[in-house]
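Below: the structure, in structure tokens.
Chain identifiers are assigned alphabetically (A, B, ...) following the order of the sequence lines, protein sequences preceding nucleic acid strands; residue numbering begins at 1 within each chain. Values in this document were obtained by computation on a predicted structure and should not be read as measured data.
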Amino acid sequence: MERQVRTRFAPSPTGYMHIGNLRTALYEYLIAKSQNGKFILRIEDTDQERYVEGAVDVIYNTLELCGMKHDEGPDIGGPYAPYVQSQRKDTYLPYALELIEKGHAYYCFCSKERLDALRAECEKKNQTFMYDRHCLNLSKEEIEEKLRNKEPYVIRQKMPREGTTTFEDVVYGTITVDNSTLEDQILIKSDGLPTYNFANVIDDHLMNITHVVRGSEYLTSTPKYNLLYEAFGWEIPVYVHLPLIVKPDGSKISKRKGDASFEDLLQMGYLVEAIINYIALLGWSPDTNQEIFTLSELEKVFNIKNISKSPSAFDMDKLRWFNAQYIRAKTPEEFYELALPYLKKSITNKEIDLFKVSRLLHTRTEVLTEIPSKVGFFNELCDYDLNIYVHKKMKTTLENSLNSLKEALPVLEGIQDWNETSIHDSLIALVERLGIKNGQMLWPIRTAITGWEVTPGGAIEIADILGKNETLRRIRIGIERLEKALAATE
RNA sequence: GGCCCCAUGGUCAAGAGGUUAAGACACAGCCCUUUCAAGGCUGCAACGGGGGUUCGAGUCCCCCUGGGGUCACCA
């Protein structure tokens, strides 16, 4: 009987949900859920200098929004609590001491200054710096004395000097490195807290994590972790290293360069489902050609086997397309809810029925934030260039536009029950009576009542939303302006 | 620079020795049409290079090139 799959999302609380991190969380969640396993949240806050207020909430919120419910974590507890490394402070040292006992680690009293000097020297000689094991051969007495004197110390892992270390990664295969390239990395820092390198091994073991899923940037340090597992005699987890998500130019996404975080994308008008769907497919592909997946569908079809090895570029255009797909899949009511905040902000005219506007916008919106730029004409009619009445394909000119508006005015005035159907029927009847093309009537009207060359919706829908009075008022303005312009050219 | 990893259209990607080398985004064109969308159809476009192995290589091996990662008392 196989062990139950347990994966963990172990972010460092920096207050910034990197898109690559989010995808790691997603894959960890999916690996667990696709195999009826557990998804655990663990906070890796062993670097007290990087503490950011409220950062943990960003993590909770993100998981919550995305629907990735963790089975164990700081907020909900679990059989392996606590799930915050700073709260597990005291669990690591004994393990480090055990390693010293076994000869796999040692005390190091070297000062930061000494190390910096060493590093600088190496740099000057163009060599790769590696700790010189200065403290490896300290005698028992020397060590005890230094400890008694409360000299600050770290504990370092003692790497084998010869041979190679090999580990298996389920996506990258077998990876072997020369032990001589492995540095005696620090396990316990001088503040008593473990480094990530140590804490992740201890906690993953203690928490029974079966699949260690993380970005491929950890690939090169994995041999060191393996050596740790071996030193303790612990079972080595399944390693799942994920290819990086990069920018279109191939460079990596970074907070410092102002690259969009998950929160930023939401603010930019992207839907959670679209983001999740898109990043699920950045580095993994299903067995079919299906592209639209809900989280629960992913939970069923996700597999480690189809994770790719090469880095993938984050393509905003494709995300945008996914977003548009999700927007179109909403019901008119759902879309209205989503659009409302943007509509309220941009349409100040209280006469306007925002639901009707949202229906116009539904298939014309790819990202929520583009809504305001599309509806300004509902507020007021601005001055517009009369040349927009002239449209070759519509076969409209200034003259026939004026004529159409003049013909339309009394017809529209005569409509008692102002709605799309009545406007449509009256106008189409007029077109037939005049023997002109639809566009020759509807283009000038739309132009006159919006003043915009391009609008969501056509003359009829917009006239309906604007209301009878405002529509007539705008048409009269159009007539007046066209008459004036034509008179001037004669 | 050392070490590790990666390499199919501009992008995401199928492909697990024999295919006309899928599909999607983007782009272009056409249809529909009262503008713009949406929708439908069509098109453009790829195995980085060189050696092997094999009857046969995008698929396996080697070299080169290119890209990325990593070399902290950060994670």
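- At a threshold of 4.0 angstrom between heavy atoms, the contacts of A:C110 include nucleobase atoms, whether or not backbone atoms are also involved.
- Of the N and O atoms on the side chains of A:T174 and A:E168, at least one donor lies less than 3.5 Å from an acceptor on the other residue.
- Taken residue by residue, residues 160-176 of chain A places heavy atoms nearer than 4.0 Å to RNA chain B at A:Y172, A:I175, A:T176.
- Taking every side-chain heavy atom of A:W321 into account, B:C25 is the closest of B:A75, B:G69, B:C25.
- For A:L187 and B:C74, the CG to P distance is 13 Å, given to the nearest whole Å.
- A search for side chain to side chain contact (heavy atoms under 4.5 Å, CB included) contacts involving A:P372 returns A:Y342, A:S346, not counting sequence neighbours.
- For A:R50, no side-chain nitrogen or oxygen approaches OP1 or OP2 of B:A75 to under 4.0 Å.
- A salt bridge does not link A:R119 to A:E121: none of the charged side-chain nitrogens sits closer than 4.0 Å to a carboxylate oxygen.
- Relative to the ring axis of A:Y27, A:R23 places its NZ or CZ within 45° and under 6.0 Å from the centre.
- Contact annotation: side chain of A:S190 to base of B:C73, donor-acceptor pair present below 3.5 Å.
- In a base pair of the Watson-Crick type (N1 to N3 plus N6-O4 or O6-N4) or a G-U wobble (N1-O2 and O6-N3), with each distance short of 3.5 Å, B:G1 is matched with B:C71.
- A donor-acceptor contact shorter than 3.5 Å links the side chain of A:R156 to the backbone of A:D184.
- Nucleotide B:G66 is matched to B:C6 when pairs are restricted to Watson-Crick or G-U wobble geometry with both distances under 3.5 angstrom.
- Between A:Y239 and A:N226, the side chains place a donor N or O and an acceptor N or O closer than 3.5 Å (distance only, hydrogens not considered).
- Of the candidates B:C3, B:C73, B:A13, B:C73 carries the atom nearest the A:R119 side chain, counting heavy atoms from C-beta on.
- As judged by a 4.0 angstrom heavy-atom cut-off over every strand, A:K393 is placed among the base-contacting residues.
- At a threshold of 4.0 angstrom between heavy atoms, the contacts of A:S285 are confined to the sugar-phosphate backbone, with no base atom among them.
- With A:E370 contributing its side chain and A:E366 its backbone, the two residues share a donor-acceptor pair below 3.5 Å.
- The partner of B:C41, taking Watson-Crick or G-U wobble pairs whose two distances both stay under 3.5 Å, is B:G29.
- Note on A:N438: only backbone sugar-phosphate atoms sit closer than 4.0 angstrom, heavy atoms only; bases stay farther off.
- When the nucleotides B:A14, B:G69, B:C3 are ranked by their closest atom to the side chain of A:E217, B:G69 comes out on top.
- Residues that satisfy the salt bridge (Lys or Arg N to Asp or Glu O under 4.0 Å) test with A:E334, not counting sequence neighbours, are absent from this structure.
- Each of A:E44 and A:G457 lies near RNA chain B, and the nucleotide nearest A:G457 is the one positioned closer to the 5' end.
- Atom C1' of nucleotide B:C71 and atom OH of A:Y196 are separated by 16 Å, given to the nearest angstrom.
- Counting any heavy atom pair closer than 4.0 Å across all strands shown, A:I460 reaches a base atom.
- The nucleotide whose nearest atom lies closest to any side-chain atom of A:K189 is, among B:C73, B:A22, B:C6, B:C73.
- Side-chain contact check for A:E291 versus A:Q325: every heavy-atom pair is 4.5 Å or farther apart.
- Within 4.0 Å of A:T128, counting heavy atoms only, lies at least one base atom of the nucleic acid.
- Taking only side-chain nitrogens and oxygens, A:T46 comes nearer than 4.0 Å to OP1 or OP2 of B:A75.
- Partners of A:D315 under the side chain to side chain contact (heavy atoms under 4.5 Å, CB included) rule, at least two apart in sequence or in another chain, are A:Y278, A:D317, A:K318.
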Can you check nucleotides 10-12 of chain B for protein contacts, nitrogen or oxygen pairs under 3.5 Å, and list what you find?
from, atom 1, to, atom 2, distance (Å)
B:C12, OP1, A:A313, N, 3.0
B:C12, O2', A:L281, O, 3.2

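- By the 4.0 Å N-to-carboxylate-O rule, A:E44 lies too far from A:R8 to be salt-bridged with it.
- Using a 4.0 Å heavy-atom distance criterion, A:F322 is classed as making no nucleic acid contact.
- With sequence neighbours left out, the salt bridge (Lys or Arg N to Asp or Glu O under 4.0 Å) criterion links A:E461 to no other residue.
- Nearest heavy atoms, A:N419 versus A:D464: CA-OD1, 3.5 Å.
- The side chain of A:T455 lies closest to B:U35 when the candidates are B:G2, B:U35, B:A75.
- Here A:S308 lies in heavy-atom contact (under 4.0 Å) with sugar-phosphate atoms only.
- Atom pair A:Y239:OH and B:C4:P shows a separation of 18 Å (rounding to whole Å applied).
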Enumerate all atom pairs, one protein N or O and one N or O from nucleotides 37-40 of chain B, separated by less than 3.5 Å.
from, atom 1, to, atom 2, distance (Å)
B:A37, O2', A:T363, O, 2.6
B:A37, N3, A:T363, OG1, 3.2
B:G39, OP1, A:R328, NH1, 3.4

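- Rounded to an integer number of Å, the gap from CE of A:M130 to C1' of B:G1 is 13 Å.
- Regarding A:K247, its NZ atom lies at a distance of 17 Å from the P atom of B:G67, rounded to whole Å.
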Enumerate, atom names and distances included, each donor-acceptor pair closer than 3.5 Å involving a side-chain atom of residues 47-60 of chain A, sequence neighbours excluded.
from, atom 1, to, atom 2, distance (Å)
A:D47, OD1, A:E49, N, 3.1
A:Q48, NE2, A:D191, OD2, 2.4

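- Taking side-chain N and O atoms only, A:K252 has a distance below 4.0 Å to OP1 or OP2 of B:U70.
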Review item, nucleotides 29-31 of chain B N/O atoms under 3.5 Å of protein N/O:
none

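- Applying the salt bridge (Lys or Arg N to Asp or Glu O under 4.0 Å) criterion to A:D45, with sequence neighbours excluded, gives no partner residue.
- With sequence neighbours excluded, no residue forms a salt bridge (Lys or Arg N to Asp or Glu O under 4.0 Å) with A:E297.
- With a 3.5 Å ceiling on both atom-pair distances, the Watson-Crick or G-U wobble partner of B:G23 is B:C12.
- No side-chain donor-acceptor contact under 3.5 Å links A:R328 and A:T363.
- B:U54 is unpaired under the Watson-Crick or G-U wobble criterion, no partner having all donor-acceptor distances under 3.5 Å.
- At a cut-off of 3.5 angstrom, the base of B:G69 holds no donor-acceptor pair with the side chain of A:S216.
- Side-chain proximity of A:M394 to the nucleotides B:C73, B:U35, B:C74 is greatest for B:U35.
- For the residue pair A:D178 and A:T164, no side-chain donor N or O sits within less than 3.5 Å of a side-chain acceptor on the partner.
- Here the side chains of A:E183 and A:F129 are in contact, with some heavy-atom distance below 4.5 Å.
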If you restrict it to nitrogen or oxygen atoms, what contacts under 3.5 Å exist between nucleotides 57-61 of chain B and the protein, and what is each distance?
none

